[in-house]
Protein chains: 4
Amino acid sequence: MAKQEIREPKQKRSIEKKQSIIMASYKLFCDKGYYKTNTAEIAQEAGVSTGIVYNYFQDKKDILLEVIKFYISILSEQFQPLLSAPITKSNLPTRIEQFIDISIASHTMHVEAHNEFLALSLLEEDILILFNDFENTVLMIFYELLLTAGFSRRNLLEKIRISYGLVEQVCHYYIQRKLSQEELNTSKLLAIHTIVTLLEK
Amino acid sequence: MAKQEIREPKQKRSIEKKQSIIMASYKLFCDKGYYKTNTAEIAQEAGVSTGIVYNYFQDKKDILLEVIKFYISILSEQFQPLLSAPITKSNLPTRIEQFIDISIASHTMHVEAHNEFLALSLLEEDILILFNDFENTVLMIFYELLLTAGFSRRNLLEKIRISYGLVEQVCHYYIQRKLSQEELNTSKLLAIHTIVTLLEK
Amino acid sequence: MAKQEIREPKQKRSIEKKQSIIMASYKLFCDKGYYKTNTAEIAQEAGVSTGIVYNYFQDKKDILLEVIKFYISILSEQFQPLLSAPITKSNLPTRIEQFIDISIASHTMHVEAHNEFLALSLLEEDILILFNDFENTVLMIFYELLLTAGFSRRNLLEKIRISYGLVEQVCHYYIQRKLSQEELNTSKLLAIHTIVTLLEK
Amino acid sequence: MAKQEIREPKQKRSIEKKQSIIMASYKLFCDKGYYKTNTAEIAQEAGVSTGIVYNYFQDKKDILLEVIKFYISILSEQFQPLLSAPITKSNLPTRIEQFIDISIASHTMHVEAHNEFLALSLLEEDILILFNDFENTVLMIFYELLLTAGFSRRNLLEKIRISYGLVEQVCHYYIQRKLSQEELNTSKLLAIHTIVTLLEK
DNA sequence: TATGAATGAGAGTTCATTCAT
DNA sequence: AATGAATGAACTCTCATTCAT
């Protein structure tokens with residue numbers, strides 16, 4: 001029962017085609033959702049035939065995984081500047097604010113993607129793993145940055161987790177409940193203050 | 001294209017039948033997920049015919065909505081004791097700990113339900129509304145309790161939202177990442193301390 | 001991953017419908033061959049919808065197995081008179097001739113079925129088993145009949161197998177090569193004489 | 001609707017390429033069966049591109065025909081020594097035994113091929129013709145050998161056909177039913193004796 | 001000659017919903 | 001009110017064959 005071999009495209013044109021299928025899928029998954037998008041639509045949106053999709057991907061689920069990897073790579077890029085800047089005790093509040101701003105920006109830019117893929121991560125184990133890996137990477141970088149900044153190692157990981165979760169919640173509220181800019185600012189200030197207090201404790 | 005009228009069952013036997021369909025669906029949605037459960041299975045699990053399901057429910061989605069209402073009613077019941085007990089400045093940490101414990105207990109008891117329905121709430125607008133309504137109700141009760149306890153009205157709602165989110169995050173981490181009991185205790189203590197600080201600020 | 005339950009139809013109408021699907025498939029498999037018949041055609045020929053087929057059968061292969069059981073039951077019926085008549089040393093040639101005549105008659109009546117199903121038995125293990133079971137049953141009955149007739153037990157089973165194969169070959173030649181009636185008669189006489197000699201040896 | 005012309009390869013490299021496609025197909029048809037082998041696999045196994053296959057063969061069926069011709073050429077080779085040795089009344093039993101032994105050897109060596117191609121010959125008319133031609137050739141050679149050996153012309157062809165079929169049956173049983181060596185020997189002796197009797201009659 | 005990416009019709013199967021009884 | 005057989009559109013995936021390069 002030999003599985004058909006999946007071409008890992010080496011040539012430029014092939015890579016472009018695989019990428020175009022990913023982009024088309026990304027768009028459709030955001031617009032209509034993964035379950036409500038069928039493979040024919042993906043092919044059409046990508047401007048290819050239905051058959052060729054299966055030259056590049058094992059099955060529909062495989063497409064989803066690649067789309068999510070692509071999405072995570074976008075997130076990664078957006079956080080990059082923040083993650084490579086040093087943290088000090090004095091610039092901590094600014095850094096937290098930047099983190100919140102970037103989170104909100106990235107969620108807002110891809111609000112449908114965020115919802116859809118978060119939902120799928122709850123429904124499918126292997127998608128959860130991709131997101132967890134990304135999250136862990138980010139958390140570990142903050143861990144190192146905060147150690148370097150002179151914060152105590154004691155319970156630091158737990159503190160970061162809680163802080164991270166807190167930021168996620170602020171973003172989630174803002175986007176889902178459509179908070180006003182003013183409410184957002186209030187929440188931001190509260191969150192920043194809370195996190196600073198927590199980390200310095 | 002007049003939609004077939006859905007009877008709102010008045011007689012005892014009918015009510016029981018509708019309820020049994022909801023219970024069967026709840027079980028199956030938790031076990032296999034909404035998308036992977038078909039109506040024939042629901043009918044079989046409920047011990048009724050496939051046709052009769054459509055006497056009580058508009059369509060499959062309608063069943064889901066009722067199942068979620070049922071799930072929320074369970075949550076509601078579990079939080080009831082906490083929501084009817086008064087909060088004072090001195091018992092606040094205890095109350096927060098109780099809140100966390102109840103949250104974890106209810107998520108753990110229905111861990112599949114929690115994941116499945118949270119995911120669906122991100123995929124379907126009308127499910128989100130149900131959960132938001134529940135959350136708002138809970139938040140408002142805490143708002144009143146905290147006002148009565150003498151906490152300042154200033155930014156109180158935002159503070160509660162953030163606190164609520166923080167608890168959700170701790171639970172989510174505990175369940176998804178399978179934290180050890182020890183890690184959980186650390187996180188709990190940190191969370192309680194953070195929330196107390198935040199509210200008293 | 002619960003397989004959909006296959007209804008074993010108890011009610012008269014259901015049994016009739018299952019039978020009609022088998023008959024339609026039998027016809028199509030003989031006319032066009034199993035691989036070249038699709039499920040839509042089967043449904044159409046049976047006068048049902050495509051979906052209902054899967055209420056009665058696990059999958060396409062399952063239909064094939066039932067069709068072959070049906071075919072074997074026909075064969076069984078045709079050999080019945082011969083298999084229930086006693087054999088004596090003196091009527092042995094007549095019995096062998098009857099056996100050849102019935103074999104030819106049944107192969108001729110269902111020449112397409114015979115070829116198609118024999119071919120499939122070589123391609124699919126579980127089909128081979130069905131045919132082997134039938135063949136073994138027939139051989140064992142002859143074994144008993146010949147013992148009763150007073151033939152020696154020594155190598156009797158091997159002798160019967162060879163005789164059976166010999167008859168099959170005569171039929172096969174007659175049908176495939178379109179022997180003339182005269183050639184058939186010659187072959188028949190030779191086969192009868194050979195078998196009698198073999199058994200009496 | 002002019003069919004694309006199929007080159008009959010004259011150059012050495014082309015002939016080798018065509019042959020390698022045939023060999024690859026032979027291997028795959030034996031391993032997986034004709035229907036379960038696709039042209040991409042054939043090309044890969046042969047180390048050529050999928051497109052080039054259609055320069056040498058009309059279509060997939062055409063490959064099959066060539067593969068069967070190749071298979072028959074192997075059979076032919078294996079029977080060659082026997083078919084060129086003279087038969088006498090006294091060495092007849094030995095010759096028959098050799099015939100059985102070669103048959104079993106060739107079927108055993110290519111047991112998958114034998115089953116697969118026999119099946120296909122029942123499903124496809126033009127394949128049957130190829131096998132019949134081979135069989136007829138073999139039978140005619142025996143006919144001549146036996147005439148030379150002094151056997152009567154009367155019904156000789158029918159006798160040979162029956163004998164040939166009998167040998168096929170013994171081999172078939174041995175391979176399909178996995179007879180023991182002992183059972184095989186018994187059957188062989190019985191078959192030889194039967195055929196000798198038949199021919200001498 | 002040769003490549004292998006691309007095509008697209010067609011396969012088997014599922015399932016929410018309907019309807020004759 | 002209840003049944004469960006029946007519907008048929010829609011789904012994912014395969015593969016013999018073609019064609020631009």
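In what follows, chains are A, B, ... by sequence order, proteins preceding strands, each numbered from 1.
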Checklist entry - For the side chain of A/Lys60 and the backbone of A/Thr37, is there at least one donor-acceptor N/O pair under 3.5 Å apart? => result yes
Any side-chain N or O of [X] under 4.0 Å from OP1/OP2 of [N]?
| X | N | answer |
| --- | --- | --- |
| B/Asn55 | F/dA1 | no |
| C/Tyr54 | F/dA6 | no |
| B/Lys17 | F/dA2 | yes |

Under the side chain to side chain contact (heavy atoms under 4.5 Å, CB included) rule, collect the residues that match up with [X], sequence neighbours excluded.
| X | answer |
| --- | --- |
| D/Gln19 | D/Ile22, D/Met23, D/Phe70 |
| D/Ala46 | D/Ser20, D/Ile21, D/Ala24, D/Val48 |
| B/Ile72 | B/Ile68, B/Leu130, B/Phe131, B/Phe134 |

Checklist entry - According to the side chain to side chain donor-acceptor pair (under 3.5 Å) rule, which pairs have a member within residues 21-35 of chain A, sequence neighbours left out? => result A/Tyr26-A/His110, A/Lys27-A/Asp31, A/Lys32-A/Glu41, A/Tyr35-A/Glu124
Checklist entry - If you pin B/Lys61 and C/Thr37 to their nearest nucleotides in DNA chain E, which one's is more 5'? => result C/Thr37
Checklist outcome for this item: DNA chain E nearest-nucleotide lookup for C/Lys36 and B/Tyr34: closer to the 5′ end is C/Lys36
With [X], which residues qualify under side-chain hydrogen bond (donor to acceptor under 3.5 Å, both in side chains), at least two apart?
| X | answer |
| --- | --- |
| B/Asp133 | none |
| C/Asn38 | none |
| D/Asn132 | C/Arg177 |

Checklist entry - If you check the D/Thr39 side chain, which of E/dT17, F/dT3, F/dA16 turns out closest? => result F/dA16
Item to check | Proximal nucleotide (of E/dT17, E/dG12, F/dA6) relative to the C/Lys60 side chain | outcome: E/dG12
Checklist entry - Can you list, by residue number, the residues of residues 42-50 of chain A that have a non-hydrogen atom closer than 4.0 angstrom to DNA chain E? => result A/Val48, A/Ser49, A/Thr50
Item to check | NZ-CD1 distance between B/Lys69 and B/Ile127, expressed to the nearest 0.5 angstrom | outcome: 11.0 Å
Checklist entry - In Å and rounded to the nearest 0.5 Å, what is the CG to CZ distance from B/Leu128 to B/Phe117? => result 15.0 Å
Next on the checklist: Within residues 21-33 of chain C, which residues have any heavy atom lying less than 4.0 Å from an atom of DNA chain F?
Outcome noted: none
Next on the checklist: Show me the dot-bracket string of DNA chain E, counting Watson-Crick or G-U pairs under 3.5 Å, with | for pairs to another strand and [ ] for crossing ones.
Outcome noted: .||||||||||||||||||||
Between [X] ([atom1]) and [N] ([atom2]), how many Å, whole number?
| X | N | atom1 | atom2 | answer |
| --- | --- | --- | --- | --- |
| A/Ile52 | F/dT18 | CD1 | P | 17 Å |
| B/Glu16 | F/dA2 | CD | P | 12 Å |
| B/Leu64 | E/dA16 | CG | C1' | 14 Å |
| C/Asp59 | E/dT13 | CG | C1' | 9 Å |
| C/Phe57 | E/dT14 | CZ | C1' | 17 Å |
| D/Ile63 | F/dT17 | CD1 | C1' | 11 Å |
| A/Tyr35 | F/dA10 | OH | C1' | 17 Å |
| C/Lys18 | F/dA6 | NZ | P | 13 Å |

Next on the checklist: Taking salt bridge (charged side-chain N to carboxylate O under 4.0 Å, His left out) as the definition, give me every residue that meets it alongside D/Glu16, ordered by chain and number, with sequence neighbours left out.
Outcome noted: D/Lys12
Next on the checklist: Less than 6.0 angstrom from the centroid, inside 45 degrees of the normal: does D/Lys36 satisfy that with respect to the ring of D/Phe29?
Outcome noted: no
